[in-house]
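First the structure, in the form of structure tokens, and then the observations on it.
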There are 2 protein chains.
Amino acid sequence: MVDHVPEENVNQVVDNGKGESGPEGGGRGYELPLLLFGGFRTLIDRLHARLATEGHPDLRPSHGFAMQAVGARGATASEIGRRLGVSKQAAGKTVDRLLALGYAERADDPADARRKLVHLTPRGYEALARSAAIFDELRAEWAAALGADRVRDLEAALRNVVPAETAFRLDATSWLGAP
Amino acid sequence: MVDHVPEENVNQVVDNGKGESGPEGGGRGYELPLLLFGGFRTLIDRLHARLATEGHPDLRPSHGFAMQAVGARGATASEIGRRLGVSKQAAGKTVDRLLALGYAERADDPADARRKLVHLTPRGYEALARSAAIFDELRAEWAAALGADRVRDLEAALRNVVPAETAFRLDATSWLGAP
DNA sequence: GGCACATGGTCAACCATGTTGTCGATTCTA
DNA sequence: TAGAATCGACAACATGGTTGACCATGTGCC
């Protein structure tokens, strides 16, 4: 889609004057989020490239997050919304999407006539299982490239610095653009 | 926005059976992308919380990416689109929003009547300069919490494992949802 | 000089994903 | 039992993407 990387690096518009030997000397501060996002996107892109070749070409990153929010025991749209950090209406639309793709089903809850329980189809479970396996493989690749201890330390460092509630919130899609 | 964290952790739908002592023993593979994204989001959220208190409450993460793509010397909508990895039409819409927010301006290029050069306003430069300074501060906080060497190693590790072209591509918004 | 082609900007239609607000139905609870 | 809370749905709208079409302009080449 993009066929070049511009020669004038777009990330050097603002130089804070501290140069290479800034506060820590190991990189300017703005690189940190880009590296983290780059790592995340690298993993997610490779996951979905693999999934696409394994019978799940229509699965998007957001669908994976949504299926995780559905969970093994199923959930209502409202619950899914809370887990993803979005409104129940938005969650309902996402569920519609999963239904259309064949990854989830909706059924009345016999115990509560208001609720409609969303649960994964076998195809949905299969996609999640494949995702887990592929993530393990990708992590092993990182361990081979970096050393297992460095990957462990990277994870440990991030766990220290990412608030626990933030670490596993799954609202990946929304927060970027919305007001 | 979200008022709880569900007790049943939503990320354990699929357990690959390897348990705690999986391929590397330091964490299941699916945690890695979540931690990376969590770190990224933590930084970006805190950046924009700070920016909001400093006169830029309407600035969104995507606007920051877009302003980086505009660059110090200005750019056309087509160039911005290439840098962000989106179509020129999408870039044009983004530029419209930057104009409306007062962060950029559009001017005819005297040397080429087709082109309309987008450049940052003083307010746009100021926002980028503040962002750079805040990122430096946030990185310093991580260094204080983790140790400067661990932050450096984290950056070095990610640089090793993230393709160079990927590291500084700025198309944050699009890839998540689009087909 | 002139023509073919590439490039830049814009318009229109559409999609996916969010947001509020409202509403009826149902369940919980004081 | 009456009022409050919850669930799902619908509608209207914003945002940020996509294609496709179109016109104006610049460029390269015969």
Side-chain angles (χ1 to χ4, degrees), chain A residues 1-4 58-66 69-70 74-101 103-118 169-179, chain B residues 1-4 58-67 69-70 74-101 104-118 169-179:
Chain A
M1 180 175 287
V2 150
D3 42 53
H4 85 303
D58 294 331
L59 211 52
R60 302 283 143 224
S62 59
H63 302 147
F65 283 91
V70 172
T76 67
S78 292
E79 285 167 349
I80 296 168
R82 281 190 291 267
R83 291 174 186 176
L84 293 177
V86 302
S87 66
K88 61 182 181 178
Q89 294 92 331
K93 290 187 195 182
T94 301
V95 167
D96 288 342
R97 199 99 212 104
L98 288 181
L99 299 212
L101 291 170
Y103 289 104
E105 285 171 346
R106 214 174 337 220
D108 289 339
D109 183 341
D112 186 338
R114 293 170 307 176
R115 292 155 52 90
K116 293 191 181 168
L117 216 38
V118 179
R169 279 194 42 213
L170 298 174
D171 55 338
T173 343
S174 54
W175 68 274
L176 264 174
Chain B
M1 181 177 288
V2 150
D3 43 56
H4 87 304
D58 294 332
L59 212 51
R60 302 282 142 224
S62 59
H63 302 145
F65 283 89
M67 284 195 288
V70 172
T76 67
S78 292
E79 284 167 350
I80 295 168
R82 282 191 291 267
R83 291 175 186 173
L84 293 177
V86 302
S87 65
K88 60 181 181 176
Q89 294 93 329
K93 291 188 195 182
T94 300
V95 168
D96 288 341
R97 252 150 255 128
L98 287 181
L99 299 210
L101 292 171
E105 285 172 344
R106 208 166 355 210
D108 290 340
D109 184 339
D112 187 337
R114 293 171 306 177
R115 291 156 51 91
K116 293 188 181 170
L117 216 37
V118 179
R169 277 190 49 210
L170 298 174
D171 56 337
T173 343
S174 55
W175 67 274
L176 265 174

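Protein chains get the first letters and strands the later ones, always in sequence-line order, with residue 1 at the start of each.
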State whether [X] places a side-chain N or O below 4.0 Å from either non-bridging phosphate oxygen (OP1 or OP2) of [N].
X: A:Thr94; N: C:dA16; answer: no
X: B:Ser62; N: D:dT15; answer: no
X: B:Arg60; N: D:dA14; answer: no
X: A:Arg114; N: C:dC23; answer: no
X: B:His63; N: D:dT15; answer: no
X: B:Arg82; N: C:dG8; answer: yes
X: A:Arg97; N: C:dT17; answer: yes

Could you state the atom-to-atom distance from [atom1] of [X] to [atom2] of [N] in whole Å?
X: B:Ile80; N: C:dG8; atom1: CD1; atom2: C1'; value: 12 Å
X: B:Asp108; N: C:dG9; atom1: CG; atom2: P; value: 10 Å
X: A:Leu84; N: C:dA16; atom1: CG; atom2: P; value: 18 Å

Would you indicate which nucleotide in [options] comes nearest to any side-chain atom of [X]?
X: A:Ala113; options: C:dT26, C:dT17, D:dC7; answer: C:dT26
X: B:Asp112; options: D:dG26, C:dG9, C:dT10; answer: D:dG26
X: A:Lys88; options: D:dC7, C:dT17, C:dG9; answer: D:dC7
X: B:Arg115; options: C:dG9, C:dG18, D:dT6; answer: C:dG9
X: A:Val86; options: C:dT10, D:dT6, C:dG18; answer: C:dG18

Comparing B:Ala91 and A:Ala77 on DNA chain D - which has the more 5′ nearest nucleotide: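 Its nearest nucleotide lies further toward 5', so the answer is A:Ala77.
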
Find the distance between [atom1] ([X]) and [atom2] ([Y]) and round it off to the nearest 0.5 Å.
X: B:Leu101; Y: B:Arg60; atom1: CG; atom2: CZ; value: 9.0 Å
X: B:Arg82; Y: B:Thr76; atom1: CZ; atom2: OG1; value: 6.0 Å
X: B:Lys93; Y: B:Ser87; atom1: NZ; atom2: OG; value: 8.0 Å
X: B:Ser78; Y: B:Gln89; atom1: OG; atom2: CD; value: 8.5 Å

Test side chain to side chain contact (heavy atoms under 4.5 Å, CB included) applied to B:Ile80 and B:Val118, step by step: CA-CA 9 Å; B:Ile80 295 168; B:Val118 179; 4.3 Å; yes

Any N or O donor-acceptor pair under 3.5 Å from the base of [N] to the side chain of [X]?
X: B:Gln89; N: D:dG16; value: no
X: B:Lys116; N: C:dG9; value: no
X: B:Lys93; N: D:dG16; value: no
X: B:Glu79; N: C:dG8; value: no

Contact class for B:Ala90 (heavy atom, under 4.0 Å): base, sugar-phosphate, or nothing?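 B:Ala90: base contact, heavy atoms under 4.0 Å.
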
Base, sugar-phosphate or nothing for A:Ser87? Non-hydrogen atoms, less than 4.0 Å.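 Base contact.
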
Taking only residues at least two apart or on different chains, which pairs with a member in residues 109-118 of chain B satisfy salt bridge (Lys or Arg N to Asp or Glu O under 4.0 Å)?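 Listed once each, the pairs are B:Glu79-B:Arg115, B:Asp109-B:Arg115, B:Asp112-B:Arg114.
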
